[in-house]
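Structure, as structure tokens:
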Amino acid sequence: MNLKYLIGETSEYDKKQALEEKRPKSWLKSVSAFANSFGGKLFFGISDNDEIVGLSDAQGDAEKISEAIKMHMNPIPEFKFSFETVEEKTILVLSVFAGNQNPYYYQGDGQLIAFVRVGNESVVASPSQLRELVLKGSGQTYDSLKSIYDFKDMAFTKLRSVYFKQTGKSFEDTDYESFGIIDGNGNLTNAGALIADDSPVRHSRVFCTRWNGLTKASGLTDALDDAEYSGSIITLLQEGLAFIARNTRKAWKKLPASRLEMPDYPDRAYMEALVNALIHRNYLELGSKVHIDMFDDRLEIFSPGGMMDGSTLEGKNLRAIPSMRRNPVLADIFSRLNYMERRGSGFKKILDAYSSYEKKPVFLSEHWGFTITFPNVNYDSETTQDDSLIVQDDRINDRINDRINDRINDRISFSETENLIFSEIKNNPKITIPNLVAKTGFSEPTISRTLKKLRENGLISRIGARKNGHWEVLKND
């Protein structure tokens, strides 16, 4: 039996060369973290460099470990021991099971500390993580708790109108309780406060930015478009989707009786991601917001709070990850509005939406947040996104139609872009960049890059200031 076989499929584990009796916190913090999350194993008798050193008295160490857990853990988590022989040396395996009496604290040296797993480390739980553990231990969730606001002060016209539009049914007054917007005593829940038209939960917002280029600070203008939305999370969803849509362009190809479109991002994928970002985010993280960041080559959607159990996604089959709902009341409301399914298949839908593309989305889960990065399927790093086949009207399409082949994502060559802009400058030397954007359909960054190339090739030069100057054509061909 080797170490790899011993560890098996255990994704969360720690190794200790020997039992540190005088420093119980050094390994009990892992016991706390495993119990507070998804369980794990501690292997005693293995060094940090994976050398099998074994224990001289494994049975005695097990008794000492058991006593230390009972003395320093509050409450006491469920655990068990097993003994394995590797290279004729005895290894002690301490298995700690995920608990339901969270938080599980380490107590000692006048301290009472709860630990959680972050990557492969056990770290002190942050205030928001500790609050979430307390709710988990009490069998409650943030969205089901009574809010500090009064139901009579709230309006739900957005919920009513969307419910009717999505289901064809009228929202009745009796539905407020069945939806979880109010509790059995008529008190407004946190879910109700988030769904209300003018949601008073101020950190429930969405920040949207279309950045200029590939980073958050590039080009003549840092951002091409930005917006901040607040209010009902239904409004946040609608406005967020609208922002992405207006900053997403489509490549398309003419067919005999129609045209075939290919947007930068599959709409089903980013809709699913934004729904999940709003529903599964950690609303206990005060001051945090959902972020939508769009770049030339990608779209990023960030949601405060990582996976509920604190796990990472590294090495996992995303299609097989079970659904865990941090805010089940909100999830139920959105499923009633037909925005999501009850069975929770978000990862699968996102992956399926990209199944026909070579580029794939990237999922990143960290303890403070969850980010999904969608690649722009029309972006070509060897040219630019703005040089891709993004045609706004028949005038431009006719100029390049004979260059289209059977691939949906064919590109306009850079020389075609250069020729078009050069032609406009020859016709009107006083033309401005905004006028070039309007006439050609290309974006300002593309115009700027092309003008730079034309100048470097000695075709044009700039005379005078940007506002009052003009272009001088140095070569007519």
Side-chain angles (χ1 to χ4, degrees), residues 9-12 37-38 40 116-121 123 128-129 132 206-209 211 214-216 236-237 240-241 243-244 248 263-283 285 288-328 330-331 334 339-379 381:
E9 298 182 356
T10 303
S11 59
E12 298 300 324
S37 53
F38 35 80
V116 294
R117 292 293 283 184
V118 175
N120 59 356
E121 295 185 65
V123 300
S128 67
Q129 288 173 323
E132 198 165 14
V206 175
F207 283 10
C208 306
T209 309
W211 298 97
L214 303 180
T215 68
K216 292 187 177 181
L236 300 185
L237 174 63
L241 293 175
F243 181 90
I244 296 174
T248 299
D264 293 342
Y265 309 98
D267 54 3
R268 184 59 188 171
Y270 66 72
M271 176 180 176
E272 193 70 32
L274 186 54
V275 167
N276 288 337
L278 293 169
I279 295 304
H280 300 310
R281 64 156 289 186
N282 186 356
Y283 285 96
E285 290 279 3
S288 60
K289 283 84 174 177
V290 170
H291 286 261
I292 297 174
D293 291 293
M294 302 184 71
F295 304 86
D296 288 358
D297 64 339
R298 68 194 186 280
L299 159 65
E300 296 178 357
I301 297 180
F302 167 81
S303 177
M307 296 288 286
M308 268 195 69
D309 58 8
S311 64
T312 62
L313 300 177
E314 185 178 358
K316 294 184 178 179
N317 180 359
L318 295 177
R319 295 178 180 272
I321 293 178
S323 175
M324 291 178 288
R325 298 184 171 186
R326 178 178 272 114
N327 300 296
L330 292 177
F334 266 50
Y339 282 140
M340 66 184 301
E341 295 181 5
R342 294 179 185 273
R343 55 191 172 133
S345 55
F347 285 171
K348 182 179 183 300
K349 288 182 179 178
I350 291 172
L351 293 171
D352 286 346
Y354 270 85
S355 61
S356 60
Y357 305 109
E358 291 185 8
K359 300 177 180 180
K360 303 297 180 184
V362 176
F363 301 80
L364 176 62
S365 177
E366 299 169 291
H367 74 279
W368 60 82
F370 193 96
T371 305
I372 301 181
T373 301
F374 297 99
N376 183 335
V377 298
N378 294 321
Y379 179 79
S381 59

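Keep in mind that what you see is a predicted model, and the values were worked out from it rather than measured. Heavy-atom basis, side chains included; hydrogens, waters and symmetry copies ignored.
- Counting only heavy atoms from C-beta outward, the side chains of Phe243 and Leu274 never approach each other to under 4.5 Å.
- Inter-residue side-chain proximity for Lys289 and Phe302 is flagged as unmet; no heavy-atom pair is nearer than 4.5 Å.
- Residues meeting the side chain to side chain contact (heavy atoms under 4.5 Å, CB included) test with Val362, sequence neighbours left out: Thr373.
- Within the 4.5 Å cutoff, side-chain heavy atoms of Thr248 are placed close to those of Met294.
- Residues satisfying the salt bridge (charged side-chain N to carboxylate O under 4.0 Å, His left out) criterion with Glu300, sequence neighbours excluded, are Arg298.
- Side-chain atoms of Lys360 never come within 3.5 Å of backbone atoms of Leu351 as a donor-acceptor pair (strictly under, hydrogens ignored).
- For Ser288, the side chain to side chain contact (heavy atoms under 4.5 Å, CB included) criterion is met by Arg281, Glu285, Pro304, not counting sequence neighbours.
- Smallest separation of non-hydrogen atoms from Arg117 and Phe38: CB-CZ, 4.3 Å.
- The shortest distance between side-chain heavy atoms of Leu278 and Val206 falls below 4.5 Å.
- A pairwise comparison of heavy atoms in Gly305 and Asn282 identifies CA-CB, 3.9 Å as the closest pair.
- With sequence neighbours excluded, the residues forming a side chain to side chain contact (heavy atoms under 4.5 Å, CB included) with Pro266 are Ala269, Ala353, Tyr354, Tyr357, listed by chain and number.
- Looking only at side-chain heavy atoms (C-beta outward), Leu299 and Ile244 come within less than 4.5 Å of each other.
- By the side chain to side chain donor-acceptor pair (under 3.5 Å) test, Asp293 pairs with Trp211, sequence neighbours left out.
- Between Ile279 and Asn327 the shortest heavy-atom distance is O-ND2, 2.8 Å.
- Smallest separation of non-hydrogen atoms from Lys359 and Pro375: CB-CG, 3.6 Å.
- Asp352 meets the side chain to side chain donor-acceptor pair (under 3.5 Å) test with Arg319, Lys348; sequence neighbours excluded.
- Relative orientation of the Tyr270 and Tyr265 rings is perpendicular, given thresholds of 30° and 60° on the angle between their planes.
- Looking only at side-chain heavy atoms (C-beta outward), Phe334 and Leu237 come within less than 4.5 Å of each other.
- Contact between Ile301 and Ala277 at its shortest, heavy atoms only, is CG2-CB, 4.0 Å.
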Take Val123 and Val116, measure what side chain to side chain contact (heavy atoms under 4.5 Å, CB included) needs, and give me the verdict at the end.
CA-CA 6 Å; Val123 300; Val116 294; 4.0 Å; yes

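- Taking every heavy atom of both residues into account, Ile350 and Ile372 meet most closely at CD1-CD1, 3.8 Å.
- Contact of the Ile292 side chain with the Thr209 side chain is not registered, since no non-hydrogen atoms from C-beta on lie closer than 4.5 Å.
- Remark: Met271 CE to Lys349 NZ distance equals 8.5 Å, nearest 0.5 Å.
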